[in-house]
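Values reported hereafter were calculated over all heavy atoms of this structure, with side chains retained and with hydrogens, waters and symmetry mates removed. The structure displayed is predicted, hence computed values, not measured ones.
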Amino acid sequence: MAESDKRKASDLFIECLEQEGVEYIFGVPGEENLDFLDSLSRSKRIKLILTRHEQGAGFMAATYGRHTGKAGVCLSTLGPGATNFVTAAAYATLGGMPMLMITGQKPIKKSKQGRFQILDVVSMMQPITKYAHQMASSDNIPSRVREAFRIAEEEKPGASHVELPEDIADEYTDSRPVPPSIVRRPSADVKSISQAVEALQNAHRPVLVIGAGANRKMTSKMLGEFVEKTGIPFLTTQLGKGVIDERHPKFLGCAALSAGDFVHRAIEDADCIVNIGHDVIEKPPFFMHNDGTRDDRVVIHVSTKTAEVDPVYFPHIEVIGDIANAMWQIKEAIVPSPGWNFDAMLRFRAAEVAHTAKLAADERFPIFPPHAVQQIRDALPDDAIVCLDNGVYKLWFARGYCAIKPNTVLLDNALATMGAGLPSAMASAMVYPDRKVLAVCGDGGFMMNSQEMETAVRLGLNLTVLILNDNAYGMIRWKQANMGFADFGLSYGNPDFVQYAKSYGANGYRVESAAHLKELLAHCRDTPGVHLIDCPVDYSENDHILNTEIKELSRAL
């Protein structure tokens, strides 16, 4: 091959990313990325999204992956830039979101700067990614990039990491991109299907539990058809919200609290539980017992992977393969049984709906969380995307917000990190520019990546940030009270959020009453641009309602 056929390694790397269909690279480049950046500047297909912190870039890349199923890509320099990716890597890997992190490094063949800024980033990334690799040869770029995407995107999706040292980026090579192969997920074995069908038909009170894995693979249609044919009620975990339209008469609720909620009573009433896309990363919606106590429920595990055995989870029947196809097979084979009775389960759901409606109608000020949830649902169209940061309000949204379509409630019940709400909303607004996007953040979580407001304004995004403001780390403060400890160490002051938003060129508003919140939500929904709403919130009854009242009411049934 002639010397003229060789190309620069950084150019080849960009070609490989183009072949994978990459649209955006989110990140903060450094000196060690300048060859890569120069090559990227000539790409006609990939756009650089410059952020104000690597963590924001990582959260955006992960959320891009969550929506599309294709790995979102983010870029940082070596050392401090790479360490800032750690939380986002864990967020993606635990949450099942495909993402590729590219980090720079000093020259590896000869060093001119001693150990300045040099960390073993690959070893650091190994425990929190599915794949971490240092490029030591430009010839291997195509195969390693293809491998990084393959591993990030296959079940269970997660983060992968590639380190591109300066001297490797500057090499010349005659390698060419490796095209992706065509892959189909295997179908579940026929015998496992018939075992599941038999267990369901012999049951009296079967129930479906829809988990994280079912939300990734767009199994919505099949699960909807299954429920229509059989009439078997369903509930979701927090990461399973929206897989089936929650307005459905057979919807039993979302398992948001750890135990003792109305939905947990419905599960306790079941004698056959079909766990669809269960991921042990989430708090379990029910516990299995292996201590000699009578537990005659049959648990069926339907997923792409076999069940991880856990002290509270060891299913009896496993149906392993493509989830949508497995549910289609079970649906085709099953004959709805006249012996099924769902009355008790549906009574628990009716009681929950009545209880929530009463709370949601409370128009006090500062705003009562269940009322805020209802106001938001009423203000937004069916396909709007609500991105939750992390805090106690997450429980109110999981329980009370009616999700109509998959991936319209982006909450994180895996790493459960603060700081992801705003970047997650930004990525959502980029993937779906025609849909309404709302980030809901506590004041604590918002401040962890608030600098990305500048990025959102610069990109011309349309989104609203609702800050539920209690001037404290409210979730932990709630737990502190719940454990009988004195109120200590969790309160702080905040900036004036309205002025703060305006300083970035965004629009800022402060809620003054329940009626005003309704007005502001409608105004922001209908007005292009970046909006921030500072909403004072009353968390005083969280503990009583979530820990005492709900458990007492559901027990009484």
Partners meeting ring-ring contact (aromatic ring centres under 6.0 Å, His included) with [X] (sequence neighbours left out):
X: Tyr500; answer: Tyr504
X: His301; answer: Tyr313
X: Tyr509; answer: His523, His531

Using only atom types and a distance under 3.5 Å, with no angle test, would you say the side chain of [X] pairs donor to acceptor with the backbone of [Y]?
X: Gln238; Y: Cys254; value: no
X: Trp478; Y: Tyr473; value: no
X: Tyr492; Y: Ala472; value: yes
X: Arg52; Y: Glu452; value: no
X: His371; Y: Ala360; value: yes
X: Asn449; Y: Gln451; value: no
X: His516; Y: Glu512; value: yes
X: Arg458; Y: Leu50; value: yes
X: Asn390; Y: Ala416; value: yes

> Any ring pair (Phe, Tyr, Trp, His ring centres under 6.0 Å) pairs touching residues 407-464, not counting sequence neighbours?
Replying inline: His67-Tyr432, Phe446-Phe497
>> Show me the pairs that pass ring pair (Phe, Tyr, Trp, His ring centres under 6.0 Å) and involve residues 373-424, at least two apart or across chains.
In response: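 Every candidate ring pair (Phe, Tyr, Trp, His ring centres under 6.0 Å) pair involving residues 373-424 fails, so no pair, neighbours aside, qualifies.
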Looking at [Y] and [X], is there a salt bridge between them, counting it only when a charged N and a carboxylate O are closer than 4.0 Å?
X: Lys405; Y: Asp383; result: no
X: Lys551; Y: Asp261; result: no
X: Glu155; Y: Lys305; result: no
X: Arg205; Y: Asp269; result: yes
X: Lys47; Y: Glu23; result: no
X: Arg364; Y: Glu541; result: yes

>> Under the criterion salt bridge (charged side-chain N to carboxylate O under 4.0 Å, His left out), I'd like the reasoning laid out for Arg297 against Asp271: C-alpha separation, chi angles, the key distance, then a yes or no.
In response: CA-CA 4 Å; Arg297 296 177 298 183; Asp271 61 354; over 6 Å; no
>> If you apply the rule side-chain hydrogen bond (donor to acceptor under 3.5 Å, both in side chains), what do you find for Asn413 with Glu282, and how did you get there?
In response: CA-CA 6 Å; Asn413 193 35; Glu282 291 200 86; 3.1 Å; yes
>> Under 6.0 Å between ring centres: does that hold for Phe348 and His264?
In response: no
>> Using the salt bridge (charged side-chain N to carboxylate O under 4.0 Å, His left out) criterion, which residues pair with Asp245? Sequence neighbours excluded.
In response: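 With sequence neighbours excluded, Asp245 shows a salt bridge (charged side-chain N to carboxylate O under 4.0 Å, His left out) to Arg247, given in chain and number order.
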>> Ser554 vs Arg265, test: side-chain hydrogen bond (donor to acceptor under 3.5 Å, both in side chains). Steps then yes/no.
In response: CA-CA 7 Å; Ser554 67; Arg265 310 289 180 199; 2.9 Å; yes
